[in-house]
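Below is one structure, written out as structure tokens; comments come after it.
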Amino acid sequence: RVGSDGKLHLETVSISSSATDKWKRLKDAVRDIADGGTIVIEGLVQSTSAPGNSGEIVIDKNLTIKKADGASSAVIDANKDTGGKPKHRIFAVRVGSTLTLDNITLQGGMAEGSAENKLGGGVYVNGTLIMKGSSKITDCSAGEGGGLFLFGTCTLQDSSSITQCEARDYGGGVFVDYSDTSILNINGGSITMNHTKKVPSSAGHGGGVYVRGNTSTKGKVVMTAGEISDNKAGFNSGSTYEGDGGGIYNSGIFEMSGGTIKSNNAKNGGGVCISDSGTFTMSGNAKIEADNDVYLNDSRMITVDGTLTPA
């Protein structure tokens with residue numbers, strides 16, 4: 001927009017009223033705001049069964065959503081299926097678009113059905129997602145990628161987190177699909193307390209992260225800092241686990257030069273399971289705690305690049 005000074009300014013829209021249709025207002029703001037704009041959230045924005053006040057929000061531009069200065073919270077809640085409302089994920093980020101979350105909590109998303117509908121309970125990413133500050137994806141569920149499904153790029157930094165999410169098949173916290181553009185960058189923050197469930201059709205691999213790959217195309221995780229902890233693969237009941245890769249199940253590419261993997265649980269590879277065509281490179285101060293192990297399938301191996309330095 002053009003300001004009173006005659007100069008072009010990036011647009012900012014605030015969602016802070018006490019109205020009951022704040023989800024609709026957020027959807028409208030996302031649709032109407034100019035590329036590169038910022039939406040400021042204060043308090044709770046919640047999906048409900050009221051007409052027009054629910055449904056996935058599509059991001060088809062470059063957009064920042066941030067907590068208002070001085071606000072005690074900024075929560076975007078898809079509200080699961082409360083009161084019989086439709087189940088839906090929170091955001092879908094399209095190719096060529098970037099969504100930046102700045103001190104925002106996403107919760108209550110559910111992705112069910114077939115094909116793309118069951119992917120990414122919190123966010124389905126074909127473009128780019130950046131999580132800054134204390135941003136969080138929590139209490140979301142899906143068939144694959146309980147919190148996040150990546151066919152694009154996501155960067156976790158600062159104290160951002162993906163936590164307490166569930167997948168019925170693979171990737172309790174995050175599913176990184178096989179594509180040259182599918183990259184999870186963990187530059188800080190945590191992926192913690194997520195789980196996959198043991199179901200008749202799946203053992204439930206990748207309690208924290210599932211990375212898909214084959215001989216020609218691979219998803220990728222690059223971890224330079226942060227933590228993958230307290231995730232469970234193929235959680236059955238009690239302390240029984242049927243899935244592999246409690247922290248991360250990798251048949252793609254996993255490069256770890258920093259950060260810590262600890263206190264995850266699985267049948268094989270409590271910390272990490274390297275399967276099929278997966279590769280795992282450790283360097284720098286990357287650390288896997290003694291309470292976790294690395295399971296190497298078939299002829300898989302760990303490549304140590306340089307000298308590992310204790311954290």
Side-chain angles (χ1 to χ4, degrees), residues 1 9-48 53-80 82 88-93 97-109 120-125 127-140 147-148 153-165 173-174 184-194 225-227:
R1 64 176 177 84
H9 297 264
L10 294 178
E11 189 174 5
T12 299
V13 175
S14 295
I15 309 290
S16 58
S17 74
S18 58
T20 58
D21 64 345
K22 289 172 71 174
W23 191 274
K24 179 180 183 301
R25 294 183 183 207
L26 177 59
K27 289 180 74 172
D28 291 346
V30 169
R31 181 194 64 215
D32 296 339
I33 197 168
D35 182 65
T38 297
I39 295 175
V40 179
I41 301 289
E42 181 177 356
L44 176 65
V45 175
Q46 190 174 66
S47 173
T48 69
N53 200 54
S54 64
E56 167 189 281
I57 300 173
V58 175
I59 308 297
D60 58 1
K61 62 194 69 174
N62 298 320
L63 177 65
T64 296
I65 301 179
K66 63 178 291 186
K67 184 173 77 170
D69 292 342
S72 60
S73 65
V75 179
I76 302 174
D77 180 12
N79 204 17
K80 298 188 175 181
T82 303
H88 56 81
R89 70 169 65 91
I90 300 166
F91 292 117
V93 184
S97 302
T98 297
L99 172 62
T100 301
L101 300 175
D102 188 349
N103 291 303
I104 293 290
T105 294
L106 306 183
Q107 68 185 37
V123 188
Y124 179 91
V125 180
T128 300
L129 174 67
I130 300 171
M131 296 178 64
K132 299 171 58 177
S134 59
S135 291
K136 180 191 305 184
I137 299 174
T138 186
D139 195 23
C140 294
L148 179 64
T153 300
C154 174
T155 299
L156 270 70
Q157 58 193 59
D158 305 323
S159 60
S160 59
S161 63
I162 298 172
T163 181
Q164 295 179 309
C165 295
V174 184
L184 173 62
N185 297 302
I186 307 172
N187 297 338
S190 61
I191 298 174
T192 182
M193 293 186 289
N194 306 285
E227 186 174 287

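Start at 1 with the first residue, then count along the sequence. Computed from a predicted structure; not experimentally measured.
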Inset, instruction - Using the test side-chain hydrogen bond (donor to acceptor under 3.5 Å, both in side chains), find all partners of Thr100 that sit at least two apart in sequence or belong to another chain. - result: none
Inset, instruction - Flag the pair Leu106 / Cys140 as yes when at least one side-chain heavy-atom distance between them is below 4.5 Å, and no otherwise. - result: no
Legend entry - Val93 side chain near Thr128 side chain, heavy-atom distance below 4.5 Å: no
Legend entry - Passing option when Asp139 is tested against Gln107, Gln164, Lys80 for side-chain hydrogen bond (donor to acceptor under 3.5 Å, both in side chains): Lys80
Inset, instruction - Using the test salt bridge (charged side-chain N to carboxylate O under 4.0 Å, His left out), find all partners of Asp102 that sit at least two apart in sequence or belong to another chain. - result: none
Legend entry - Backbone N/O of Thr192 and side chain of Thr163: donor-acceptor pair under 3.5 Å: yes
Legend entry - Main-chain N/O of Ser134 paired to Ser160 side chain as donor or acceptor, under 3.5 Å: no
Inset, instruction - Under the salt bridge (charged side-chain N to carboxylate O under 4.0 Å, His left out) rule, collect the residues that match up with Lys27, sequence neighbours excluded. - result: none
Inset, instruction - Determine whether Asn53 and Thr20 make a side-chain contact, defined as any pair of heavy atoms from C-beta on separated by less than 4.5 Å. - result: no
Legend entry - salt bridge (charged side-chain N to carboxylate O under 4.0 Å, His left out) partners of Asp28, counting only residues at least two apart: Lys24, Arg31
Legend entry - Whether Ser135 side chain and Ile104 backbone form a donor-acceptor pair below 3.5 Å: yes
Inset, instruction - Examine distances only and state if a side-chain atom of Lys132 and a backbone atom of Lys66 form a donor-acceptor pair shorter than 3.5 Å. - result: no
Inset, instruction - Give a yes or no on whether the backbone of Cys165 and the side-chain of Asn194 come within a donor-acceptor separation of less than 3.5 Å. - result: yes
Inset, instruction - Using a 4.5 Å cut-off on heavy atoms from C-beta on, say whether the side chain of Ile65 contacts that of Phe91. - result: yes
Inset, instruction - For Asn187 and Thr155, indicate whether the former's side chain and the latter's backbone hold a donor-acceptor pair under 3.5 Å. - result: no
Legend entry - Which residues share a ring pair (Phe, Tyr, Trp, His ring centres under 6.0 Å) with Tyr124, sequence neighbours left out: Phe149
Legend entry - Residues in salt bridge (charged side-chain N to carboxylate O under 4.0 Å, His left out) contact with Asp77, at least two apart in sequence or another chain: none
Inset, instruction - Find out whether Ile41 and Lys22 are in side-chain contact, i.e. whether some heavy atom of one side chain is under 4.5 Å from a heavy atom of the other. - result: no
Legend entry - Sidechain-backbone polar pair: Asn62 side chain, Asp35 backbone, donor-acceptor under 3.5 Å: no
Legend entry - Side chains of Ile90 and Ile137 in contact at under 4.5 Å (non-hydrogen atoms): no
Legend entry - Heavy-atom side-chain proximity of Ile130 to Gln157 below 4.5 angstrom: yes
Inset, instruction - Check whether any side-chain heavy atom of Ile76 lies under 4.5 Å from a side-chain heavy atom of Trp23, and answer yes or no. - result: yes
